[in-house]
Amino acid sequence: MNTIPKSHRHLIEAPYVASLSTVSADGAPHVSAVWYVCDGDTVAMSLTTDRQKYKNILAHPKVSLFIIDPENPFRTLEIRAAAAIEDDADLVLFDRIVRRYGQDPERFPAPKKNRVAVRLRSIRVVAQG
């Protein structure tokens, strides 16, 4: 199954924090917290090119995005996906994501140089609870 069931759709549509798992150069998992936005059939994130997760995606573009329902920790959504990297030099995606989480992009203390968009296309969706 590679579509998100209606019962769990709110987990990807709400501005929650997700865990992004990538594969490090030595084959070990690398997990980090990310903000995201649902964008059509994809989930998108804005990253800088100096981050380890960006380097891992370049080398191994298969990732997993995991969200725990903050109201019921036994309800989870995992999206196993193929990641594609696109330019976000104009910061359109960055701006959209930061605003989604209630912040002002002009004042938000994140680096704005060397920013890329990472789009996840689901390969498999696992919804629990």
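The structure presented is a predicted model; accordingly, all values stated were derived computationally and were not measured.
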Is it the case that the side chain of [X] and the backbone of [Y] share a donor-acceptor pair, with hydrogens and angles ignored and the cut-off at 3.5 Å?
{"X": "Arg51", "Y": "Leu47", "value": "no"}
{"X": "Lys112", "Y": "Pro105", "value": "yes"}
{"X": "His8", "Y": "Gln128", "value": "yes"}
{"X": "Arg115", "Y": "Ser46", "value": "yes"}

Following the transitive rule for hydrophobic clusters with a side-chain heavy-atom cut-off under 4.5 Å over Ile, Leu, Val, Met, Phe, Trp and Tyr, establish whether [X] and [Y] coincide in one cluster.
{"X": "Ile79", "Y": "Tyr16", "value": "yes"}
{"X": "Phe66", "Y": "Leu11", "value": "no"}
{"X": "Val92", "Y": "Ile85", "value": "no"}

*Is any side-chain N of the basic residue among Asp39 and Arg119 closer than 4.0 Å to the acidic one's carboxylate O?*
yes
Which heavy atom in [X] sits nearest to a heavy atom in [Y], and how many Å separate them?
{"X": "Lys53", "Y": "Ser32", "result": "CD-OG, 3.3 Å"}
{"X": "Ala127", "Y": "Pro5", "result": "CB-CG, 3.7 Å"}
{"X": "Ser21", "Y": "Val31", "result": "OG-CG2, 3.5 Å"}
{"X": "Met45", "Y": "Leu93", "result": "O-CD2, 3.3 Å"}
{"X": "Val23", "Y": "His60", "result": "O-CD2, 3.6 Å"}

*asked:* For Glu106, is the CD atom crowded, meaning more than 12 foreign heavy atoms sit under 6.0 Å from it?
replied: no
*Should the heavy atoms of other residues, nucleotides or ligands under 6.0 Å from CZ of Arg121 be counted, would the total exceed 12?*
no
*Can you tell me if Arg80 and Ser64 form a side-chain donor-acceptor pair at under 3.5 Å?*
no
Using 0.5 Å steps for rounding, measure from the [atom1] atom of [X] to the [atom2] atom of [Y].
{"X": "Gln52", "Y": "Lys55", "atom1": "CD", "atom2": "NZ", "result": "6.0 Å"}
{"X": "Ser122", "Y": "Leu65", "atom1": "OG", "atom2": "CG", "result": "11.0 Å"}
{"X": "His30", "Y": "Ser24", "atom1": "NE2", "atom2": "OG", "result": "6.0 Å"}
{"X": "Ile123", "Y": "Lys62", "atom1": "CD1", "atom2": "NZ", "result": "4.5 Å"}
{"X": "Ile4", "Y": "Ile12", "atom1": "CD1", "atom2": "CD1", "result": "5.0 Å"}
{"X": "Asp88", "Y": "Thr48", "atom1": "CG", "atom2": "OG1", "result": "11.5 Å"}

*asked:* Here's a test for you: under side-chain contact (heavy atoms from CB on, under 4.5 Å), which of Asp69, Ile67, Ile68 qualifies with Arg75?
replied: Asp69
_Option passing side-chain contact (heavy atoms from CB on, under 4.5 Å) with Tyr36 (candidates Val43, Thr42, Ile97, Val17)_ = Val43
*Evaluate the ring planes of Tyr101 and Trp35, with Trp represented by its six-membered ring, and classify them as parallel (under 30°), tilted (30 to 60°) or perpendicular (over 60°).*
parallel
*asked:* Is any side-chain heavy atom of Val63 closer than 4.5 Å to one of Ile57?
replied: yes
_Contact check, side chains of Glu78 and Val125, non-hydrogen atoms, under 4.5 Å_ = no
